[in-house]
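Chain identifiers are assigned alphabetically (A, B, ...) following the order of the sequence lines, protein sequences preceding nucleic acid strands; residue numbering begins at 1 within each chain.
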2 protein chains.
Amino acid sequence: MRDVARLAGVATSTVSRALARPGRVSEATRCRILAAAEQLGYVPNAAARNLRVGASNIVMAVLSEPAIANGASQVVPEVLQSVAATLSDNGFNLLIAGRNRSAAAEKHIPDLAVGGIVRGAILIGAAELPSHGQRSLANAGIPIVSVLQDRSAAGIPSVIADDRKAMREAVLHLIGLGHRSFFYIAGPAGSYHEAERSGGLAEALAAAGLPDRAVVRHGGGHAFQDGFESGIDAARAWLALAARPTAAVACWDDAAIAFMSTVRPQGVAVPGDLSVLGFDGVPVGAFCEPPLATLRQPTAELGAKAAEILLMLLDRDAAAPPLRTTLPNQLLLRASTTAPKTGGRRPRRAP
Amino acid sequence: MRDVARLAGVATSTVSRALARPGRVSEATRCRILAAAEQLGYVPNAAARNLRVGASNIVMAVLSEPAIANGASQVVPEVLQSVAATLSDNGFNLLIAGRNRSAAAEKHIPDLAVGGIVRGAILIGAAELPSHGQRSLANAGIPIVSVLQDRSAAGIPSVIADDRKAMREAVLHLIGLGHRSFFYIAGPAGSYHEAERSGGLAEALAAAGLPDRAVVRHGGGHAFQDGFESGIDAARAWLALAARPTAAVACWDDAAIAFMSTVRPQGVAVPGDLSVLGFDGVPVGAFCEPPLATLRQPTAELGAKAAEILLMLLDRDAAAPPLRTTLPNQLLLRASTTAPKTGGRRPRRAP
DNA sequence: CTGTTAGCGCATTCAA
DNA sequence: TTGAATGCGCTAACAG
């Protein structure tokens, strides 16, 4: 920068101004400075700027589990992508901070915030805030936004899809088709998404006046990243039932996909003998056998919105963002669901 | 830090040393300093350290296309994950820099390097080096490593799987099963992976003494992220052929999955009428109908190795890393391939 | 072994 | 409108 100043015949402070606030520098000198900067190939040193200003232009993405990607699910990668793109368009960069790892790595996350490296954080499906001893990300003094999980009760602006409502309406659709008995493949016990989706199912049954025993619940012991295993387990459980429900509803697509894939070789026709509904809308669902009916997460929109809200939080001139933003899921009706067989349910035996 | 020094009754430089090189400070004072730091909840300001040292502990991941995730492919996310984990274990952070956005964003990438924000870069399947005007990532003065794509010819240490060999051996396996006619679903024309995999197929045919016309090539017009569309197009083309090859080989799993999914409803039995082979080893392949035979990319190993090599480059005391590291793909034989039906079309001669 | 001193490159006072 | 001076928090010389 000193070189630029020298070449343009001005002081470094003028160069600084010309670059930061073009309005406060005369047209002529600004042109000289810009030309000089161009000629010298000047690139501002962001590290020095950060030190001086006391804030960086880096935002941290705090990811949920050890895995960015698991099974067939693209939801975390898609959200991540969308967040990164939106931030990039606004001059910010995204640093990824995986959880999972050693305690040292866990400690690292709040330190990034306190240490001035990151300016804000976006929690992508993270269940708990990283903390180490007394210091937690929550009191690190940087703005935080949560996507996918609703943490508005903790005062953290959240951008979510209305999983509960989506599941309720989808199950009501199945009920409308004639289904009266359900098999539910639960997500990880205690997880946010499991609570919402399972709740939506319950609400639908209640709304239709069906008793609790209309649904056989299974699973809950697998993490989201082990969706395929969960689906296989669930399939075995369903196959072993004396009275098999006519509709299987999974907490997430991975489980639904593995479920279908496991029951079909046992002579179960989907959707003839059994309708299957997934959740998440993973792209490959359209190419499963049969194509999987599911509820699509608006991943791109969620990510973009979350980034926008963080940007508002970062901009002191901006209005206060909403504490909770809810986007609709999309019901993708595909061949895996249909009306149940009528006229006496006779379970077909495996060959 | 001044506060810590004051509380411990030492100079700031001593605090700095105690934290950075514990060996060069006496046991007693070091304990006092650590206690004081703990008590005050001191966290070093990384921005200041970066400025002073002239290097950050942030590494940039340069991603290929607009999409981190597409179709069913988890290869980029998986590599990303592995890179992030390995870096994190060594005290480094990962910044993600998406390509293909506005020109401004493209310019941003080299600037991050020159501006002192990032210390090194890992190209994850990126075809070209980001550049803007004269300035490119290549001459930004930071170490670069490439994963998935071989850029060793350009002097960039590369960590890759041997796609060519893997494809060759897999196709030789199909030939061993009796297949003599192939349908190849090409990847993006001119792309590295397409060249390697297509080349491997050609090598296998040549090795078995089969003529060039033993393979009908299709596609090449779709980007990797449009794998499903590519597979559908290819399926239509295959269905329209008068003499249908008995084996379809896809450049990537997404295409293979959509291909299978499109031909089967037309009465084509897989693998009875047609064997299908994919490439990448996406997890969901095991749950397709039929389960997809494929060549798994060792994503976790690739990512970890790439990160290790970058760490070597960053450490001036370390030995020079190899310019090219090749890891084996794994042939996952699943139900989508089998011997071709005999009787109808008789192979002219067996090799 | 420890304290003193001097900047890293920039943005921001305050004067001119 | 511009220039000169100051320090962000830290580390690396060099002395002591």
Atom [atom1] of [X] and atom [atom2] of [N]: how far apart are they, to the nearest Å?
X        : N       : atom1 : atom2 : result
Arg49(B) : dG9(C)  : CZ    : P     : 16 Å
Leu51(A) : dG9(C)  : CG    : P     : 12 Å
Asn45(A) : dA11(C) : CG    : P     : 10 Å
Arg32(A) : dT1(D)  : CZ    : C1'   : 12 Å
Leu19(B) : dG9(D)  : CG    : P     : 16 Å
Arg2(B)  : dT11(D) : CZ    : P     : 15 Å
Asn50(B) : dC10(D) : CG    : P     : 12 Å
Asp3(A)  : dG9(C)  : CG    : C1'   : 12 Å

Starting the side chain at C-beta, find the nucleotide from dC1(C), dC10(D), dT11(D) nearest to Val53(B).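 Nearest nucleotide to the side chain: dT11(D).
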### Task
Assess whether one donor atom and one acceptor atom, taken from the side chain of Ser13(B) and the base of dT4(C), lie less than 3.5 Å apart.
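Pair found.
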- Message: Determine whether a donor-acceptor pair (one donor, one acceptor, N or O, separation below 3.5 Å) exists between the side chain of Arg52(B) and the base of dG9(C).
- Response: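 Under the 3.5 Å cut-off, the side chain and the base do not form any donor-acceptor pair.
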Exercise. Specify the residue among Thr12(B) and Ala48(B) whose closest nucleotide of DNA chain C lies further upstream toward the 5′ end.
Key: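 Result of the comparison: Thr12(B).
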For this session: Give me the one residue out of Leu94(B), Asn93(B), Ile96(B) that meets side-chain contact (heavy atoms from CB on, under 4.5 Å) with Leu95(A).
Result: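 That would be Asn93(B); it is the only one of Leu94(B), Asn93(B), Ile96(B) passing the side-chain contact (heavy atoms from CB on, under 4.5 Å) with Leu95(A).
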Q) Per the side-chain contact (heavy atoms from CB on, under 4.5 Å) rule, which among Leu19(A), Leu34(A), Val15(A) passes with Val4(A)? A)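 It is Val15(A); the other options fail the test.
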### Task
Nearest-nucleotide wise, let me know which of Arg17(B) and Val43(B) is further upstream toward the 5' end of DNA chain D.
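Residue closer to the 5' terminus by nearest nucleotide: Val43(B).
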Exercise. Looking across every strand, which nucleic acid part, if any, lies under 4.0 Å from Gly9(B) by heavy atom: base, sugar-phosphate, or nothing?
Worked result: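 Here Gly9(B) touches the backbone only, sparing every base.
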Checking all strands, does Arg21(B) fall into the base, sugar-phosphate, or nothing category for heavy-atom contacts under 4.0 angstrom?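 Contact class for Arg21(B): sugar-phosphate only.
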- Can you tell me how far the OH atom of Tyr42(B) sits from the CG atom of Leu40(B), to the nearest 0.5 Å?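 Output value for this atom pair is 10.5 Å.
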What is the distance from atom CG of Leu302(A) to atom OG of Ser146(A), rounded to the nearest 0.5 Å?
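OG of Ser146(A) is found 10.5 Å from CG of Leu302(A).
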query: Is the phosphate of dC1(C), meaning OP1 or OP2, less than 4.0 Å from a side-chain N or O of Thr14(B)?
result: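 For Thr14(B), the contact criterion (side-chain N or O under 4.0 Å from OP1 or OP2 of dC1(C)) is not met.
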*asked:* It should be established whether Tyr42(B) places a side-chain nitrogen or oxygen under 4.0 Å from OP1 or OP2 of nucleotide dC10(D).
replied: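 For dC10(D), OP1/OP2 do have a side-chain N/O of Tyr42(B) under 4.0 Å.
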Q. With distance as the sole test, does Ser82(B) use its side chain to make a donor-acceptor pair with the main-chain N or O of Ala300(B) at under 3.5 Å?
A.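 Indeed, once roles are kept as given, a pair shorter than 3.5 Å links the two residues.
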